[in-house]
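Numbering of ligands and ligand atoms starts at 1, following listing order. Source: prediction; values computed, not measured.
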Amino acid sequence: MNSDPLNSDPTHAEPKSHASAETYVAAIAAGDRAMLARAITLVESRNPAHRKLAQEVLEAAAELKRTGLRVGITGVPGVGKSTTIDQLGINLIAEGQRVAVLAVDPTSQRSGGSILGDKTRMARLSLSPDAYIRPSPTSGTLGGVTRKTRETMALVEAAGFDVIIVETVGVGQSETAVAGMVDIFVALLLPGGGDELQGIKKGVIELADIVAINKADGDNVKRAERTAANYQTALGLLSPRIPEWQPPVLTISGQDNLGLDQLWALIVQHQALLTRLGLRESIRAEQASAWLHEMVRDELWTLFLRSADGRKALTACDAAVRAGEMTPSRAVDQILAAIGLGARETSADGDRA
Ligand code: GDP
């Protein structure tokens with residue numbers, strides 16, 4: 001299998017492969033990496049003809065009930081995400097774990113060469129038979145990219161990976177999306193030059209279960225420690241999401257493998273706490289439910305945009321609203337009527353807009 005038929009022509013009506021969902025999942029469960037890659041390509045495919053099989057594969061994968069520890073890692077470009085993930089992954093593999101790395105980066109237009117790009121970014125990890133690195137889907141809306149990443153996560157879990165690291169670039173919305181699909185969320189920051197607290201404004205810190213100041217090596221050590229102390233103080237002012245877990249701040253060096261054992265120990269400790277509090281499953285259930293709602297919203301919007309009547313009504317009403325000739329509320333009624341959903345009497349929560 002030299003080229004993937006599903007990738008080569010997105011408009012192709014039928015997948016060339018006639019493998020059934022069971023065949024896919026049996027191969028994935030048995031550690032067949034080529035089938036795992038093909039299954040991921042299948043769930044990423046935008047061709048409606050692939051959707052049924054993709055859904056069946058996901059259902060069969062879910063039946064295995066295999067799950068891993070899902071770790072989100074965020075940080076601005078250059079903070080050292082790939083260096084740190086490469087080293088952390090190598091450390092975990094040395095302990096006997098299998099590690100998958102997925103990326104969420106809707107801003108990136110990395111195409112064709114992205115796989116190579118991500119593999120060179122994590123040079124050692126990509127060579128390990130116990131690691132699996134999958135770059136961000138190359139295009140799509142945040143919702144689309146998020147969905148593909150979640151589904152890919154389910155597939156790598158079925159393949160028996162113990163730790164799934166989801167990496168995202170520090171762009172507000174993608175961080176929220178990743179925080180909503182992982183068990184623990186780690187923010188990587190740089191040793192600061194002054195009192196500017198990066199990430200506080202953007203709300204990244206509120207999402208973080210652990211904050212790690214990277215590049216705490218060489219001349220940077222003192223500065224990194226000061227930055228860590230500043231963050232610890234700043235975090236003390238926010239109310240933690242779980243009262244029992246005040247997000248800790250530590251210094252690490254991904255490059256020199258310093259503090260990564262401590263980072264991992266904190267991740268394990270956090271998971272043990274969630275388990276003890278009985279929160280691990282309920283958080284995942286909450287995330288699955290939020291995802292369902294988000295997908296319904298996404299799908300409805302996609303369906304709406306496919307309706308010529310809907311788009312026409314939206315354009316007309318939009319002009320009228322802009323001109324101050326129609327209230328947005330009235331416009332919504334008209335647009336919904338145009339697609340046959342009638343005027344809204346009451347919305348689901350009984351609130352009349
Ligand atoms: P990413 O964009 O967040 O994935 O960052 P990279 O891992 O590509 O690292 C960006 C740059 O920072 C590279 O030149 C790395 O060599 C360097 N770097 C990464 N981690 C460390 C670290 O712990 N210490 C030092 N001194 N440099 C680092």
Side-chain angles (χ1 to χ4, degrees), residues 71-94 99-111 113-128 131-138 145 149 163-179 182 184-193 196-199 202 204-205 207-208 210-228 231 248-267:
V71 181
I73 296 193
T74 190
V76 296
V79 70
K81 292 181 297 301
S82 13
T83 309
T84 303
I85 293 170
D86 193 43
Q87 184 63 59
L88 183 63
I90 292 290
N91 296 353
L92 292 170
I93 287 169
V99 180
V101 182
L102 314 177
V104 173
D105 183 3
T107 63
S108 150
Q109 286 307 313
R110 287 184 286 167
S111 57
S114 60
I115 293 179
L116 194 63
D118 278 37
K119 289 202 166 157
T120 43
R121 290 198 315 131
M122 294 167 212
R124 289 174 300 163
L125 202 55
S126 63
L127 294 176
S128 169
Y132 188 82
I133 300 177
R134 183 80 183 187
S136 183
T138 48
V145 171
T149 306
V163 177
I164 298 96
I165 298 177
V166 185
E167 175 196 359
T168 186
V169 179
V171 184
Q173 274 181 322
S174 70
E175 270 149 354
T176 312
V178 171
V182 294
I184 181 152
F185 195 64
V186 179
L188 292 191
L189 299 171
L190 290 167
E196 161 75 354
L197 293 179
Q198 326 138 48
K202 287 198 294 172
V204 176
I205 299 305
L207 296 172
I210 298 176
V211 173
I213 314 297
N214 191 35
K215 306 199 184 184
D217 46 50
D219 295 343
N220 270 334
V221 174
K222 281 266 158 334
R223 217 146 53 92
E225 281 166 2
R226 272 200 306 277
T227 306
Y231 274 100
V249 184
L250 79 166
T251 60
I252 62 168
S253 167
Q255 175 189 276
D256 294 351
N257 196 11
L258 299 171
L260 297 189
D261 288 349
Q262 198 192 342
L263 172 61
W264 189 254
L266 285 168
I267 290 173

Original post:
What are the two closest non-hydrogen atoms of Leu260 and Gln87, and how far apart are they?
Top reply: CD1-CG, 3.3 Å
Original post:
Ignoring hydrogens and geometry, is there a side-chain-to-backbone donor-acceptor pair from Thr227 to Gly192 under 3.5 Å?
Top reply: yes
Subject >> Spatial distance of atom CD1 (Ile210) from atom CD1 (Ile252) [nearest 0.5 Å] >> reply: 10.0 Å
Subject >> Distance-minimising heavy-atom pair for Ala131 and Leu125 >> reply: CB-O, 3.2 Å
Subject >> Side-chain donor or acceptor of Lys215 paired with backbone N/O of Leu189 under 3.5 Å >> reply: no
**OP:** Indicate the atoms forming the closest heavy-atom contact of Leu190 with Gly78, along with that distance.
**Re:** CD2-O, 4.3 Å
**OP:** List, ordered by chain and residue number, the protein residues whose closest non-hydrogen atom lies under 4.0 Å from any atom of ligand 1.
**Re:** Val76, Pro77, Gly78, Val79, Gly80, Lys81, Ser82, Thr83, Arg121, Asn214, Lys215, Asp217, Ser253, Gly254, Gln255
